[in-house]
**Student:** 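Structure provided below as structure tokens; questions to follow.
Since this is a predicted model, take the numbers as computed values, not measurements. Atom set for the values below is all heavy atoms of this structure, side chains included, hydrogens, waters and symmetry mates excluded. Labels below follow one simple rule: chain letters A, B, ... track the order of the sequence lines, proteins then strands, and each chain is numbered from 1.
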Amino acid sequence: MAPITDEQVETVRALVASIPAGRVSTYGDIAAAAGLSSPRIVAWIMRTDSSDLPWYRVITASGKPAPHLATRQLENLRAEGVLAKDGRVDLRVARHQF
DNA sequence: AAGTTGACCTCTC
DNA sequence: CGAGAGGCCAACT
């Protein structure tokens with residue numbers, strides 16, 4: 001196995017931190033941008049290594065975050081100006097491109 | 001030490 | 001367009 005280096009995790013954090021307000025990103029994109037082999041690692045990072053970073057700006061490819069957090073995330077995103085339709089964020093406009 | 005879990009993504013039926 | 005299965009990596013029990 002290839003243990004994830006701090007650099008990878010740090011890159012993920014940097015990417016999330018560099019996401020401007022009113023914009024979101026998907027796990028897959030972050031994982032790819034961080035150079036991770038699998039998007040699951042990004043999800044794992046949020047679960048285990050929760051930081052002060054705005055994880056709520058990170059959503060799934062479906063345009064919706066986790067079920068339990070979805071309500072909170074969408075509310076926060078809506079407050080930042082993200083246009084969410086029926087609980088779904090418009091990735092075509094809100095998706096932050098690196 | 002092995003098996004299960006976790007906030008996933010993509011392909012196929 | 002909706003549902004199901006597979007694959008991926010690491011941490012936790």
**Student:** Side chain of A:I41: nearest nucleotide among C:dC9, B:dC8, B:dG6?
**Tutor:** C:dC9

**Student:** With a 4.5 Å heavy-atom cut-off, do A:Q73 and A:V24 have their side chains touching?
**Tutor:** no

**Student:** Write down the distance between CZ (A:R40) and P (C:dC9), rounded to a whole number of angstrom.
**Tutor:** 11 Å

**Student:** Find the distance A:I59:CD1 to B:dA7:C1' and express it as a whole number of Å.
**Tutor:** 12 Å

**Student:** To the nearest Å, how far apart are A:I30 CD1 and C:dC9 P?
**Tutor:** 19 Å

**Student:** In whole Å, I'd like the distance from the OH atom of A:Y56 to the P atom of B:dA7.
**Tutor:** 20 Å

**Student:** Between atom CG in A:L69 and atom P in B:dA7, what is the gap in whole Å?
**Tutor:** 8 Å

**Student:** Could you state the CG-P distance from A:L53 to B:dA7, rounded to the nearest angstrom?
**Tutor:** 19 Å

**Student:** Could you tell me how far apart A:I4 (CD1) and C:dA11 (P) are, to the nearest whole angstrom?
**Tutor:** 7 Å

**Student:** Counting N and O atoms only, with roles assigned by atom type, does the side chain of A:T60 sit under 3.5 Å from a partner on the main chain of A:S62, one being a donor and the other an acceptor?
**Tutor:** yes

**Student:** Could you check A:I59 against A:L91 for side-chain contact (heavy atoms from CB on, under 4.5 Å), going step by step and ending with a plain yes or no?
**Tutor:** CA-CA 9 Å; A:I59 59 180; A:L91 290 172; 3.6 Å; yes

**Student:** The side chain of A:T60 lies closest to which of these nucleotides: C:dA10, B:dC8, C:dC8?
**Tutor:** B:dC8

**Student:** Please report, rounded to the nearest Å, how far the C1' atom of C:dC12 is from the CH2 atom of A:W44.
**Tutor:** 12 Å

**Student:** Report the distance from atom CD1 of A:I4 to atom CD1 of A:I41, rounding to the nearest 0.5 Å.
**Tutor:** 3.5 Å

**Student:** Looking at the side chain of A:T48, which of C:dA10, C:dA11, C:dC8 is the nearest nucleotide?
**Tutor:** C:dA11

**Student:** Of the candidate nucleotides C:dG7, B:dT10, C:dA10, which contains the atom at the shortest distance from the side chain of A:A61?
**Tutor:** B:dT10

